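Everything on this sheet refers to the single structure shown next.
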Amino acid sequence: KYLSACERLTRSRSKAATKLNKSITRSMQTLGMNGGRFEITVEQTASKRSAFGLDSIDFTVTANAGQSCKPIARVASGGELARISLAIQMIIANNSKISTLIFDEVDSGVGGGIAEIVGQHLRILGQPETDRSSQVICITHLPQVASQAHHHLRVEKQTQKKQTTSQVVTLDDEQRRHEIARMLSGVDITEQSLAHADEMLERAQEV
């Protein structure tokens with residue numbers, strides 16, 4: 001009876017893995033990982049008998065076309081791990097509820113249009129009016145991502161008497177506008193960068 005149950009469990013897992021592989025791989029293409037592939041391998045190991053069945057399950061990935069999938073922990077960079085995590089969360093958002101998601105520089109290694117898409121995905125995950133929404137906290141240095149947030153906080157470091165402290169400041173609308181412009185243009189905030197910041201913030205409202 002145990003072995004029969006294990007066979008059913010393996011078939012069920014393999015079927016779910018095939019479906020999830022396709023969905024995550026498709027989502028990866030939109031997050032700056034063109035040609036990347038995600039693959040869950042499910043293999044029975046006769047010597048591995050437990051309450052969880054006989055399966056040995058590996059999560060593997062390649063971020064580049066033409067390369068074979070290898071265990072995530074061995075080949076994925078921090079930014080790639082964050083984006084793969086984001087891809088997975090987008091797919092399972094309708095079937096689970098995680099109260100808080102934290103992404104540390106999920107936009108690492110991307111820019112321009114891809115960064116904006118990453119920001120849009122994060123915004124959708126954190127939509128407050130949906131039943132399945134989560135609180136999403138994202139650390140970013142890119143205006144394309146920051147402009148998509150519902151709230152914008154700035155982390156400031158201060159050094160006094162050889163002691164360094166950090167302070168988190170919640171930005172109002174005008175402060176946020178200037179912060180986005182600063183992220184766009186650097187030290188000197190110009191009318192052009194402010195106009196660009198206004199455009200980015202307006203476009204985020206359309207998501």
Side-chain angles (χ1 to χ4, degrees), residues 1-110 114-139 145 148 150 207:
K1 288 183 179 179
Y2 171 79
L3 292 175
S4 178
C6 286
E7 288 291 343
R8 292 196 301 273
L9 181 57
T10 298
R11 288 195 297 271
S12 178
R13 282 173 169 162
S14 296
K15 184 178 179 181
T18 298
K19 184 177 180 181
L20 194 57
N21 290 343
K22 292 179 180 178
S23 298
I24 295 175
T25 296
R26 187 164 54 246
S27 185
M28 286 169 62
Q29 311 309 305
T30 69
L31 296 174
M33 304 175 77
N34 294 332
R37 193 168 80 256
F38 183 88
E39 188 174 313
I40 303 170
T41 62
V42 181
E43 295 181 357
Q44 279 199 355
T45 305
S47 61
K48 187 181 178 181
R49 297 190 178 189
S50 73
F52 304 104
L54 297 173
D55 299 321
S56 175
I57 301 173
D58 287 318
F59 294 85
T60 67
V61 69
T62 177
N64 304 299
Q67 295 182 356
S68 60
C69 288
K70 295 180 180 179
I72 286 179
R74 284 176 47 197
V75 298
S77 67
E80 288 169 347
L81 282 173
R83 274 177 277 160
I84 292 167
S85 176
L86 176 58
I88 293 171
Q89 293 301 333
M90 289 297 298
I91 291 163
I92 68 173
N94 293 325
N95 300 302
S96 67
K97 180 66 173 73
I98 301 175
S99 59
T100 303
L101 300 168
I102 301 174
F103 295 97
D104 184 3
E105 299 189 13
V106 66
D107 45 44
S108 176
V110 302
I114 298 298
E116 186 170 359
I117 291 171
V118 170
Q120 290 171 353
H121 284 343
L122 291 167
R123 184 178 179 87
I124 292 169
L125 274 181
Q127 290 287 9
E129 64 272 14
T130 59
D131 293 335
R132 293 288 182 177
S133 65
S134 300
Q135 180 187 37
V136 177
I137 300 172
C138 179
I139 301 167
V145 175
Q148 295 289 333
H150 297 95
V207 177

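Just so it is clear, the structure is predicted and the values come from calculations on it, not from any experiment.
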No-hydrogen, no-angle side-chain donor-acceptor test under 3.5 Å, R8 and S12:
no
Contacts of T18 meeting side-chain contact (heavy atoms from CB on, under 4.5 Å) (sequence neighbours excluded), chain-then-number -> K22
Would you give me the side-chain donor-acceptor pairs under 3.5 Å for residues 61-74, sequence neighbours excluded?
{"from": "T62", "atom 1": "OG1", "to": "N64", "atom 2": "N", "distance (Å)": "3.3"}
{"from": "T62", "atom 1": "OG1", "to": "N64", "atom 2": "O", "distance (Å)": "3.0"}

In this structure, NE2 of H121 is separated from CG of L125 (nearest 0.5 Å) by 9.0 Å
Nearest heavy-atom contact between R13 and D55 is NH1-OD2, 2.7 Å
Closest heavy-atom pair, F103 versus S85, reported as atoms and distance to 0.1 Å, is CE2-OG, 3.9 Å
What one should report as the nearest heavy-atom pair of Q29 and N34 is O-OD1, 2.9 Å
**OP:** Ignoring hydrogens and angles, tell me if any N or O in the side chain of Y2 forms a donor-acceptor pair with the backbone of A51 under 3.5 Å.
**Re:** no
The reported gap from CD1 in I102 to CD1 in I139 (rounded to nearest 0.5 angstrom) is 8.0 Å
| field | Donor-acceptor contact below 3.5 Å, side chain S27 vs main chain S23 | value | no
Margin query: Donor-acceptor pair, distance only, cut-off 3.5 Å: does the side chain of N21 make one with the backbone of I40?
Written below: yes
Okay, side chain of E7, backbone of L3: is any donor-acceptor separation there less than 3.5 Å?
no
Between M28 and F38 the two heavy atoms that sit nearest each other are SD-CB, 3.8 Å
Taken to the nearest 0.5 Å, the spacing of I137 CD1 from Q135 CD works out to 4.5 Å
* Looking at side-chain heavy atoms only, is the closest gap between H150 and V136 below 4.5 Å? -> no
On a heavy-atom basis, the closest approach of C138 and L122 is SG-CD1, 3.7 Å
Rounded to the nearest 0.5 Å, the CG atom of L20 sits from the CD1 atom of I91 at a distance of 6.0 Å
Between the CG atom in D58 and the CD atom in E39, the distance rounded to the nearest 0.5 Å is 10.5 Å
Between L86 and V118, the two heavy atoms sitting closest are CD2-CG1, 4.0 Å
